[in-house]
Peer 1: 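Before I ask anything, let me first share the structure, which is written out below as structure tokens.
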Amino acid sequence: MTGRLRAFLGFWYDFVVGDDWRVAVAVIVALALTYAVSTTWIPAWPILPAAVAIILPVSLWRAVRR
Amino acid sequence: MNSSALFVAVFLACAVEAVEALTIVLAAGFGRDWRSAFLGVGSALAVLMAIVAALGPALTAIPLEALRLVVGGLLLIFGLQWLRKAVLRASGLKAMHDETAIYRAELAAVEAAPAHRRGMVSDWYSFTLSFKGVLLEGLEVAFIALTFGANQRNIPLAAIAALSAVVVVALAGIALRAPLARVPENSMKFVVGIMLTSFGIFWGAEGAGATWPGADAALLVLVPAVALFALALVAVLRRAAARPLSPKAAGAGSS
């Protein structure tokens, strides 16, 4: 039973998170930051595009380096 | 987002996954037993329909802000996965997805496996191979169709786009009786990665409370910007392609 649960969770982890868990963590941090900034007068919309502009090259660089 | 963008995004994503599923089903059918392969396809489609029927109405009941935050975040994580692989493939640092090579490998594997009857299924291997292939590829399609459809409050259109892609790919497969090797699968995956990432950014930011300048029109800037950025990364990485292919980059993942 534990094995099946582990396999089930493992499948969903691979399905959504994939090869680089740092991407998922960075997206969650960027969303939290967007929420925090949206409660102030500062425009919050540039945060996610900026995050992607950093996350994608870094993740690619790590993949190439391996 | 207008209806045509929703349709195109879901159709392309669904078509590439359907091409991959078709390769597996053809290998199971030609290599072993068509009846069992079709039973596997039918069973997987029934499970997928049950998942969509259960999750579709549940997703539309969630308040739009919360839905966009969660779904936008998931879509962005998922989209960046696709885009990362697509950029690596386009820059030559990851092996291209080759349906003919995959079909040959699958065929060799199914022909070598021993026959085994279970209940009304005359060849259990063909059944499970088709079932798993269609279910796993179909889950990605269901995820994309449901998230795009629910966010736009238009699940029926997303479902039509998904079904259209499956029908087109299935008809092409029946006509050719071979894997669809000439479909520009890698280019389609690149486009889908751009769409998933762009809509993930848009919905995720909106769900987290941000307001886009120009509202929905911001997507008209966001999609080309993500595309140009990804193409620029391909250009930069191509210089690294002269180096030997690392085993990990060559083999990782199939989506």
Side-chain angles (χ1 to χ4, degrees), chain A, chain B residues 68-70 72-88 91 93-94 135-136 139-140 143 193 197-198 200-214 218 221-222 225-226 229-230 232-234 236-237 239-241 243 245-249 252-253 255:
Chain A
M1 191 65 193
T2 315
R4 282 190 178 183
L5 182 67
R6 192 172 290 176
F8 180 76
L9 294 175
F11 167 76
W12 284 104
Y13 179 86
D14 282 343
F15 183 64
V16 179
V17 177
D19 298 332
D20 192 354
W21 59 269
R22 291 167 192 82
V23 170
V25 172
V27 167
I28 292 165
V29 169
L31 282 170
L33 195 61
T34 302
Y35 174 74
V37 173
S38 73
T39 59
T40 70
W41 56 270
I42 304 166
W45 66 265
I47 294 170
L48 274 189
V52 168
I54 296 166
I55 295 166
L56 189 56
V58 169
S59 180
L60 286 165
W61 176 70
R62 286 180 57 85
V64 171
R65 216 180 45 155
R66 279 191 296 203
Chain B
R68 289 195 166 172
L69 176 63
V70 175
L74 282 175
L75 217 50
L76 185 51
I77 294 167
F78 198 62
L80 282 168
Q81 257 197 80
W82 276 59
L83 200 51
R84 180 175 173 273
K85 285 177 187 168
V87 169
L88 285 171
S91 56
L93 291 164
K94 181 174 165 68
L135 185 66
L136 294 181
L139 273 177
E140 290 202 47
F143 176 77
T197 304
S198 304
I201 292 172
F202 184 78
W203 285 326
E206 268 200 341
T211 306
W212 286 98
V221 177
L222 209 48
V226 171
F229 186 61
L233 287 171
V234 171
V236 171
L237 287 176
R239 276 183 284 174
R243 279 181 282 173
L245 200 67
S246 80
K248 211 155 190 177
S255 292

Peer 1: Among B/Leu237, B/Val236, B/Leu233, find the one that has a side chain to side chain contact (heavy atoms under 4.5 Å, CB included) with A/Pro57.
Peer 2: B/Leu233

Peer 1: State, with a plain yes or no, whether a side-chain heavy atom of B/Leu76 is found less than 4.5 Å away from one of A/Leu48.
Peer 2: yes

Peer 1: With a 4.5 angstrom heavy-atom cut-off, which part of A/Ala53 approaches chain B: side chain, backbone, both or neither?
Peer 2: both

Peer 1: On a heavy-atom basis, which atom in A/Pro49 and which in B/Leu222 lie closest, and how many Å separate them?
Peer 2: CG-CD1, 4.4 Å

Peer 1: Let me know if A/Ile55 has heavy atoms under 4.5 Å from chain B in its side chain, its backbone, both or neither.
Peer 2: side chain

Peer 1: B/Thr197 versus chain A, heavy atoms under 4.5 Å apart: side chain, backbone, both or neither?
Peer 2: side chain

Peer 1: Counting heavy-atom pairs under 4.5 Å to chain A, which of B/Pro213, B/Gly209, B/Gly204 comes out on top?
Peer 2: B/Pro213

Peer 1: Contact between A/Asp20 and B/Leu80 at the side-chain level, heavy atoms closer than 4.5 Å - yes or no?
Peer 2: no

Peer 1: In sequence, state the C-alpha distance, the side-chain angles, and the governing distance for A/Val27 and B/Leu74, and then conclude on side-chain contact (heavy atoms from CB on, under 4.5 Å).
Peer 2: CA-CA 9 Å; A/Val27 167; B/Leu74 282 175; over 6 Å; no

Peer 1: Would a distance-only check, ignoring hydrogens and angles, find a side-chain to backbone donor-acceptor pair under 3.5 Å from A/Thr34 to B/Ala210?
Peer 2: no

Peer 1: Against chain B, work out which of A/Ala32, A/Ala36, A/Ala24 has the most heavy-atom pairs shorter than 4.5 Å and name it.
Peer 2: A/Ala24

Peer 1: Minimum heavy-atom separation for B/Ala205 to A/Leu31, with atom names?
Peer 2: N-CD2, 4.4 Å

Peer 1: Roughly how far, to the nearest 0.5 Å, is OG of A/Ser59 from CD of B/Gln81?
Peer 2: 9.5 Å

Peer 1: What heavy-atom pair brings A/Val52 and B/Phe229 nearest, and what distance separates the two atoms?
Peer 2: O-CE2, 4.1 Å

Peer 1: With only heavy atoms counted, which part of B/Ile201 is less than 4.5 Å from chain A, the side chain, the backbone, both or neither?
Peer 2: both

Peer 1: From B/Arg84 CZ over to A/Leu56 CG, what is the distance, rounded to the nearest 0.5 angstrom?
Peer 2: 9.0 Å

